[in-house]
*Asks:* 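Can you keep this structure in mind? I'll have questions shortly.
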Amino acid sequence: MPGGGSYNLATTVHLVGRFLDFGAPRCRFGNWSGDAGVVTSATTAWCSKPAFPASAKNAPGAYPLYFSPNGVCFTTTGAEFITYNAQIN
């Protein structure tokens with residue numbers, strides 16, 4: 001997993017833990033949800049971090065990472081994704 005990146009750059013994160021797949025896995029980074037993720041095994045998942053809005057440039061820091069096996073019910077992973085205020089084009 002990249003543990004951090006630019007606030008405005010969409011990226012894929014790799015998660016290791018225990019995962020269930022109810023057909024629509026998804027991650028949330030703070031208040032922002034990414035596109036659909038993929039559970040590749042009982043211990044591995046991939047999620048997409050969305051590009052955060054311009055307002056997030058002034059709020060760099062650690063955002064809690066949540067996982068949902070169905071895209072609706074999220075639970076904490078104990079991980080954080082750190083954003084930087086450097087804009088990437």
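All of these numbers come straight from a predicted model, not from anything done at the bench.
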*Asks:* List, one per line, each side-chain donor-acceptor pair under 3.5 Å for residues 66-78, sequence neighbours excluded.
*Replies:*
unit_1, atom_1, unit_2, atom_2, d
Ser68, OG, Asn70, N, 3.3
Ser68, OG, Asn70, OD1, 2.9
Ser68, OG, Gly71, N, 2.7
Ser68, OG, Val72, N, 3.0
Ser68, OG, Cys73, N, 3.4
Ser68, OG, Cys73, O, 3.0
Asn70, OD1, Val72, N, 2.8
Asn70, OD1, Cys73, N, 2.9
Thr76, OG1, Gly78, N, 3.2
Thr77, OG1, Leu65, O, 2.7
Thr77, OG1, Ala79, N, 3.1

*Asks:* If I compare all heavy atoms of Asn85 with all of Pro60, which pair ends up nearest, and what's the gap?
*Replies:*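 Minimum heavy-atom contact is N-CB, 4.0 Å.
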*Asks:* With a 4.5 Å heavy-atom cut-off, do Phe19 and Thr43 have their side chains touching?
*Replies:*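 Side-chain contact under 4.5 Å: no.
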*Asks:* Flag the pair Thr44 / His14 as yes when at least one side-chain heavy-atom distance between them is below 4.5 Å, and no otherwise.
*Replies:*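 With C-beta onward as the side chain, the pair touches.
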*Asks:* Minimum heavy-atom separation for Thr83 to Ala59, with atom names?
*Replies:*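 In this case the closest contact between Thr83 and Ala59 is OG1-O, 4.0 Å.
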*Asks:* Find out whether Phe81 and Lys49 are in side-chain contact, i.e. whether some heavy atom of one side chain is under 4.5 Å from a heavy atom of the other.
*Replies:*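 Contact flag for Phe81/Lys49 side chains = yes.
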*Asks:* Distance check, rounded to the nearest 0.5 Å: Thr40 atom OG1 versus Trp46 atom CH2?
*Replies:*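 Output value for this atom pair is 7.5 Å.
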*Asks:* Any chance you could pull the hydrophobic cluster mates of Val16, using side-chain heavy atoms under 4.5 angstrom and chaining through other members?
*Replies:*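 None; Val16 is a cluster of one.
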*Asks:* Taking C-beta and beyond as the side chain, do Ser48 and Thr11 meet within less than 4.5 Å on heavy atoms?
*Replies:*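 Answer no - side chains too far apart.
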*Asks:* In a table with atom names and distances, give each donor-acceptor pair under 3.5 Å that connects a side chain of residues 21-38 to protein atoms at least two apart or in another chain.
*Replies:*
unit_1, atom_1, unit_2, atom_2, d
Asp21, OD1, Gly23, N, 2.8
Arg26, NH1, Gly34, O, 2.5
Arg28, NE, Gly30, O, 3.2

